[in-house]
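Working notes, structure below.
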Amino acid sequence: MAPTIAGAIANYLQLLAQQVCVTSPHNYDDLATDSALDRSWHWQYKSSIRLVTTSQYQYVSTIAHRLAAKSAFNFQEICQNFVEMGDGGTGSIASVTIQTSSELLLDGWYNEAGYIYFRVTAESIGKWLSYIHDLPLNLDLNSQLDDTATSMAVYAHARCCSILKLAASEQLISLTDDWQLVEPIFSHQQSISSDWICGENPLEAATSRLFEHPMEQRLIQVLMRILDSIYERDGMQHDRDRCNFTANVQQSIWQQSPNWAKLTLTLAQSWLDFYRDCRIFGDLKHQNPRLAIARCGLSAIVRRYLQLLLENYLSIHAPIEL
């Protein structure tokens with residue numbers, strides 16, 4: 001599974017474009033070599049995809065317009081080809097269920113303006129959260145000192161640690177040495193082995209789904225944006241190092257570097273809003289321990305990426321307590 005959902009969508013779009021015989025651009029003035037051309041075109045797939053801020057986990061891509069400018073197809077034909085290929089060739093509706101090579105299940109459709117939308121299913125969100133919960137954070141990233149990202153992110157990281165430590169002391173969860181849950185739960189279909197199961201409300205447990213609160217969904221969307229930024233930026237840096245891009249292309253790639261300080265503060269604020277509105281302790285851990293454990297797991301993921309952003313990008317120590 002890919003850590004970035006946008007990357008998985010980009011790979012899918014590129015595969016479909018090849019299958020419908022859409023020709024890659026030629027005589028692209030900003031590129032120096034054929035090998036660079038291929039990698040730059042892959043980068044354009046990624047740069048055409050953006051997360052949509054809604055109550056659902058949606059992405060939108062403008063790739064149909066980019067492909068139309070370089071091929072004999074118009075953007076409506078390209079959109080229809082995407083649907084036909086994803087729908088087994090029926091082409092009967094303007095939407096399709098897609099399973100990417102990264103094991104993500106997406107609902108895809110397009111509108112009359114030629115924008116292609118992808119919605120990540122609830123089941124795939126659970127799989128993705130479980131994956132990034134355990135994903136080793138050993139990337140070789142360049143630090144970028146910024147004195148503006150400070151107290152809120154540092155406080156949020158320490159507060160995450162405090163909440164996880166409290167949950168462990170109350171035997172709601174078990175923690176590893178690196179602050180990960182031993183048995184995380186990110187899907188309502190997962191079983192629970194916590195001692196709190198004896199107090200679970202069977203009716204509430206059977207009917208409730210995880211991550212339906214607006215603050216939970218907002219926090220997951222921020223995590224999606226963080227992962228997209230980290231791994232897309234790392235991939236573009238890798239491309240720039242390997243390919244003989246001209247100065248114009250290198251400058252274009254470099255200018256797309258995210259504002260790490262702003263992303264760090266956004267993640268910190270989103271988690272603080274989440275913890276303000278989404279209970280973990282009190283009656284919830286007795287009535288619905290599955291949801292309480294899932295929220296602990298979400299907090300553990302936030303803690304990991306707050307630490308990564310603070311220490312690897314902003315050169316600021318992420319304390320476990322203040």
Side-chain angles (χ1 to χ4, degrees), residues 1-25 28 30 37-89 91 93-122 124-125 128 217 220-236 239 249 252-253 255-258:
M1 179 177 290
T4 161
I5 295 175
I9 293 173
N11 292 338
Y12 180 79
L13 289 175
Q14 189 174 40
L15 177 62
L16 284 181
Q18 293 170 354
Q19 289 177 337
V20 298
C21 300
V22 176
T23 305
S24 295
Y28 198 21
D30 287 338
L37 180 143
D38 293 336
R39 298 189 67 82
S40 177
W41 188 234
H42 179 68
W43 169 67
Q44 286 194 44
Y45 276 88
K46 291 185 178 180
S47 66
S48 78
I49 299 166
R50 291 291 178 268
L51 182 64
V52 182
T53 305
T54 66
S55 60
Q56 299 174 319
Y57 310 113
Q58 291 183 189
Y59 286 81
V60 61
S61 175
T62 58
I63 197 63
H65 292 272
R66 299 192 184 200
L67 290 172
K70 305 291 183 179
S71 72
F73 298 104
N74 60 42
F75 66 81
Q76 293 97 336
E77 292 171 327
I78 291 172
C79 288
Q80 185 59 34
N81 276 328
F82 283 162
V83 170
E84 289 175 356
M85 294 302 299
D87 200 36
I93 55 175
S95 63
V96 62
T97 299
I98 301 160
Q99 182 162 4
T100 70
S101 59
S102 299
E103 302 177 8
L104 291 175
L105 195 62
L106 310 174
D107 293 327
W109 70 96
Y110 66 92
N111 62 18
E112 293 180 354
Y115 293 98
I116 302 175
Y117 290 85
F118 298 89
R119 181 172 56 235
V120 189
T121 64
S124 288
I125 285 292
W128 180 74
Q217 295 174 351
I220 292 172
Q221 284 185 324
V222 171
L223 283 169
M224 292 164 69
R225 190 191 315 164
I226 296 291
L227 270 290
D228 288 344
S229 298
I230 290 174
Y231 288 93
E232 180 180 359
R233 175 60 183 157
D234 186 57
M236 288 193 295
D239 288 352
V249 174
S252 175
I253 293 175
Q255 287 175 345
Q256 295 212 14
S257 178

*asked:* Once ring-ring contact (aromatic ring centres under 6.0 Å, His included) is applied, do any residues pair with Y59, and if so which ones, sequence neighbours excluded?
replied: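 With sequence neighbours excluded, Y59 shows a ring-ring contact (aromatic ring centres under 6.0 Å, His included) to no residue whatsoever.
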
With a 4.5 Å heavy-atom cut-off, do [X] and [Y] have their side chains touching?
| X | Y | result |
| --- | --- | --- |
| I116 | I63 | yes |
| I5 | V120 | yes |
| L223 | W128 | yes |

*Under the side chain to side chain contact (heavy atoms under 4.5 Å, CB included) test, residues paired with Y115 that sit two or more places apart*: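 With sequence neighbours excluded, Y115 shows a side chain to side chain contact (heavy atoms under 4.5 Å, CB included) to V60, T62, N111, A113, Y117, given in chain and number order.
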
*Begin with the C-alpha distance, continue with both residues' side-chain angles, and end with the deciding distance and a verdict on side-chain contact (heavy atoms from CB on, under 4.5 Å) for I9 and L106.*
CA-CA 9 Å; I9 293 173; L106 310 174; 3.8 Å; yes

*Which pair of non-hydrogen atoms, one from W109 and one from R119, has the smallest distance, and what is that distance?*
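In terms of heavy atoms, the two residues are closest at CH2-NH1, 3.4 Å.
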
*asked:* Quick check: closest heavy atoms across A64 and C79, and the distance to 0.1 Å?
replied: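 Closest approach of A64 to C79, heavy atoms only: CB-SG, 3.8 Å.
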
To the nearest 0.5 angstrom, please state how far the [atom1] atom of [X] sits from the [atom2] atom of [Y].
| X | Y | atom1 | atom2 | value |
| --- | --- | --- | --- | --- |
| M224 | Q58 | CE | CD | 9.5 Å |
| I226 | I220 | CD1 | CD1 | 14.0 Å |
| R225 | I230 | CZ | CD1 | 12.5 Å |
| I125 | Q221 | CD1 | CD | 8.5 Å |

*Hey, is the main chain of L105 close enough, under 3.5 Å, to the side chain of S124 for a donor-acceptor pair?*
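Yes.
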
